[in-house]
Student: 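Below you'll find the structure I mean.
Letters go in sequence order (proteins before strands), and every chain restarts at 1.
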Number of protein chains: 2
Amino acid sequence: MTQEIGKRPNIYDVASAAGVSKSLVSLVLRGAPGVSPARRAAVEEAIERLNYRPSRAAATLAGNRSRTIGVVLDDYRNLWFVDLLAGLHDRLAPLGFRVAVADPSFNAHLDRTPVDGLLSMRVDGVVIATEPTEEMFAAVDVPAVVAGNRDMVVPGADIVANDDVMGGRLATEHLIGLGHREIGHVTGAGGAARLRAQGFDAVMRGGGLRPQVAQGQGLTMESDGYEAALRLLEENPSLTAIFAANDTMALGAAGAARDRGRRIPEDLSLIGYDNSPLASANLLRLTTIDGRNRQVGDGAAEALLERMKDPATPVHTKLVEPELVLRASTAAPA
Amino acid sequence: MTQEIGKRPNIYDVASAAGVSKSLVSLVLRGAPGVSPARRAAVEEAIERLNYRPSRAAATLAGNRSRTIGVVLDDYRNLWFVDLLAGLHDRLAPLGFRVAVADPSFNAHLDRTPVDGLLSMRVDGVVIATEPTEEMFAAVDVPAVVAGNRDMVVPGADIVANDDVMGGRLATEHLIGLGHREIGHVTGAGGAARLRAQGFDAVMRGGGLRPQVAQGQGLTMESDGYEAALRLLEENPSLTAIFAANDTMALGAAGAARDRGRRIPEDLSLIGYDNSPLASANLLRLTTIDGRNRQVGDGAAEALLERMKDPATPVHTKLVEPELVLRASTAAPA
DNA sequence: CTGAAAGCGCTAACAG
DNA sequence: CTGTTAGCGCTTTCAG
C-alpha cells in the first residue's frame, strides 16, 4: 500500500520512461515476438519502477475482446469444479487467456443471470458448469460449452463431460465383481445423477439383479445422501452395498451406515463419484469414480478455442472416460 | 445462442430504439432516481429487445472505476470462504458493487500475483483472504482489507477477522467444562491457527493443565489433522479430547481416532473450527466454533466502503466474536 | 521498430 | 430530462 501519489501511470508514461514508443510497450505487454531483448528489458524495468498495471478495461474496449473465459459454477461446496478450473487454466493460460468465475448466487440483481455478468465483461467464451436455464443463454453470442452432463440442451453449445453412464456402470460392476448382489443406489437431481443411475440400472438388470434406488428431498447434498441411504437400509436390511451419485452424498450415506450400526466396508460397501478431496479423507478412504475433471476442463477449453477460430464448427459432444479409484470403502460381502 | 447477426448493440442503439437520449439510458442503467416510469420502461424494453449488455470495459474506462471489489482466496477446498463471500456480497450488491474472485493458483504468469490481476481490472477495493505476500500489495493503491488473522501485516490495510484467540478459548473451555483434563490440540501453519493455539494454551495453563500440541507436515489440511492426531494419541493414550484448528483437520483427527479404535464422542471428544458444511455432516456431527464469516465479510465490506469514502480513515482491526456450535462430537469423558 | 491517427462504448459535466 | 462535448487507456492500422 504505497504509491498513492498522483494518478495511475499509463502506457505513455511507461513508453517515455523506457525511452521507447507507445507501440513497443503494447507489443511487450502482449508478449509479441521480434522485440529486441534490450528494449524489452527497458520496458519491463519501467513497468516495475512505475508500478504500472495495464488497464484491462482499455484493452478490452480497444481490442473488442477481453482474452478472458468465463465459467459459471453452481455451488462452491461441491468440489468437483476445482479440477475443472485447473484443467481450463492449464490449457488457456499459456495462450494468454484468463479464467473468470461467476456463481449463480452472486451478483444477482445486478445482472439477471451470471452469464449476463460475463457477457458484460465481454468474455471471449463461456463455460457453463451448472444446470443451464433458458434465460441464461438467451443472449450468448460467444462460443459456449456446457461442462458436465445436464438436463437441458443449450443450442449451439458443445458439451464436454465425463461419461456418467459408463461411470455408473464401472461402479456397479465393481460391486458386483466383489460379490455383492443386494446393491442400492443413492441418486439426486440433475442430468449427471440421472445418467449415473442409468448406468447402475443397466448393469443391475443385465446381471439379473434388482436395482434399488432412493433419492433425497433436495439435490445432491450430504443430507440427501443420508436420508436416501437411511431409506434404502430400512427398506432392505440385507443390502450389502451402496453406490452414491457423488462423494458428498456418499459422506451422507456413510453417516447413515454408522447410525444403523453398519461398518464400512465390513458390513456395507460404499462407493462414491467424483474423487473429490473428501474421498481421500482418512475417515472415509472412499472408493470412487474419477470423472477426470481436469481432462474435462482441458476438453472444454479445446472446444472453445476451436469455435473461436471457426464459429461454424459443428456442435459436438466430447465424453471423457471415467475411471475407478480403489480405496478402502468397498470389499467382498461377509 | 442466437443473435449472431451483426455487431453488438451499444448505448446509442438502445437510446434510439427507446426514443430517448443516450444520457437517459445511462441513468436507467445505473438505477438513478428521478427517471419517469414510462421512460424507464421504454428503455428496459429496448434493452430486452436488443439483447443489450452494457460494456463493463467502457464503463470502467470512462468512469475510472469498476464498481467491483476483488477478493483473493487461498484454496477452494477449505470452505470457510463461502460465508465470507456471501457476507461481502450481501453488503455490497445493494450498493451496485460486484464481487470478483481471484485465487492464487490461477492466472499466474499473466499477472505476477492475483492482486495484480485485480488491479488491472481496476477494482475499487481488495479483500485479501489468504496469507499476504510482500509483492502482493506492493502496488495496491485502492482500499484493502485483510480478512482473517494472518502472519503478515499489510501496511494501510484494515483487518477484519473473527477473534481466533477467543475461539480457541471457547473450544478449550467447552472441553474442560465437560470434565476433560487430558486435552490435545491439532494445529497448523498460519496466523489463524497460531492464535487458536494461543487461546488453547492460555486456557489450559490457566486451568493448571498441560497443553499438548501437535502439528502436521503440511498446512491445515485433512492429512495434517490425521497425522497430528495420530501422534497425539500415540504420545498420550490417556487423551480424552482433541481440539482441531479447523473442521478439515478435525475430519483428519476423526480418521485417526477411528483408526485407533476410539469412538467419538464415547472414547474421545472432538471439536473443530469454522462451522463449515463438513461439520454438519451426519458422519461427524462436529461440535465446532463458528467464526461467523458472514459477519466478517460484512465487516470487510464496511471497512472498504469507509476507506473509499475517506482514504485517510485510520487503519483499524475489527474482531468478530466467534461462538460455540454444539453438536454430537463432544461429551463428558468416560 | 516508430509515430500518428482513429476509435472502442461508456461516464461526467454542463448548458439548455 | 435532453444533447453535446470530452475524454478514459488502450489496440489497430498504416506509412515511414
Student: I would like to know whether B:Val126 and B:Ile69 meet side-chain contact (heavy atoms from CB on, under 4.5 Å); could you show each step before the answer?
Tutor: CA-CA 6 Å; B:Val126 170; B:Ile69 299 300; over 6 Å; no
Student: Whole angstroms only, please: what is the CG-P distance between A:Leu29 and D:dT12?
Tutor: 12 Å
Student: Is there a donor and acceptor pair, one atom on the side chain of B:Lys22 and one on the base of D:dT4, closer than 3.5 Å?
Tutor: no
Student: Assess whether a salt bridge exists between B:Asp158 and B:Arg307, defined as any Lys/Arg side-chain N lying under 4.0 Å from an Asp/Glu carboxylate O.
Tutor: yes
Student: Expressed in angstrom and rounded to an integer, what is the separation of A:Asp13 atom CG from D:dG9 atom C1'?
Tutor: 11 Å
Student: On DNA chain D, nearest-nucleotide positions of B:Ala58 versus B:Gly19: which is more 5'?
Tutor: B:Gly19
Student: Counting any heavy atom closer than 4.0 Å, what does A:Ser55 reach on the DNA or RNA strands: base, sugar-phosphate only, or nothing?
Tutor: sugar-phosphate
Student: Rounded to whole angstrom units, what separation is found between the CG atom of B:Leu24 and the P atom of C:dT11?
Tutor: 13 Å
Student: Examine C:dT2: is either OP1 or OP2 under 4.0 Å from a nitrogen or oxygen in the side chain of A:Arg39? Give yes or no.
Tutor: yes
Student: Among C:dT2, C:dG9, D:dG9, which is the nearest nucleotide to the side chain of B:Asn10?
Tutor: C:dG9
Student: Counting side-chain heavy atoms from C-beta on, which of D:dC1, C:dG9, D:dT11 comes nearest to A:Ser26?
Tutor: D:dT11
Student: B:Arg8 side chain N/O closer than 4.0 Å to the phosphate oxygens (OP1, OP2) of C:dG9?
Tutor: no
Student: May I ask you to say whether A:Arg294 pairs ionically with A:Asp90, meaning some side-chain N is under 4.0 Å from a carboxylate O?
Tutor: yes
Student: Considering only NZ, NE, NH1 and NH2 on the basic side and carboxylate oxygens on the acidic side, decide whether A:Arg53 and B:Asp116 come within less than 4.0 Å.
Tutor: yes
Student: Can you measure A:Asn64 atom CG to C:dG9 atom C1' for me and round it to whole angstrom units?
Tutor: 10 Å
Student: Using whole Å, what does the distance between atom P of nucleotide C:dC10 and atom CG of B:Leu27 come to?
Tutor: 14 Å
Student: Which of the following nucleotides, D:dT12, D:dG9, C:dC10, is nearest to the side chain of B:Ile11?
Tutor: C:dC10
Student: Quickly work out the A:Arg56 CZ to D:dT11 P distance and round it to whole Å.
Tutor: 13 Å
Student: Taking the nucleotide of DNA chain D with the nearest heavy atom to each, does A:Ala57 or B:Tyr12 sit closer to the 5' end?
Tutor: B:Tyr12
Student: Between C1' on C:dG9 and CG on A:Leu119, what's the gap in Å once rounded to a whole number?
Tutor: 15 Å
Student: Distance check needed: D:dC8 P versus A:Leu61 CG, whole Å only.
Tutor: 13 Å
Student: For A:Asp13, does its backbone N or O pair with a side-chain atom of A:Asn10 as donor and acceptor, under 3.5 Å?
Tutor: yes
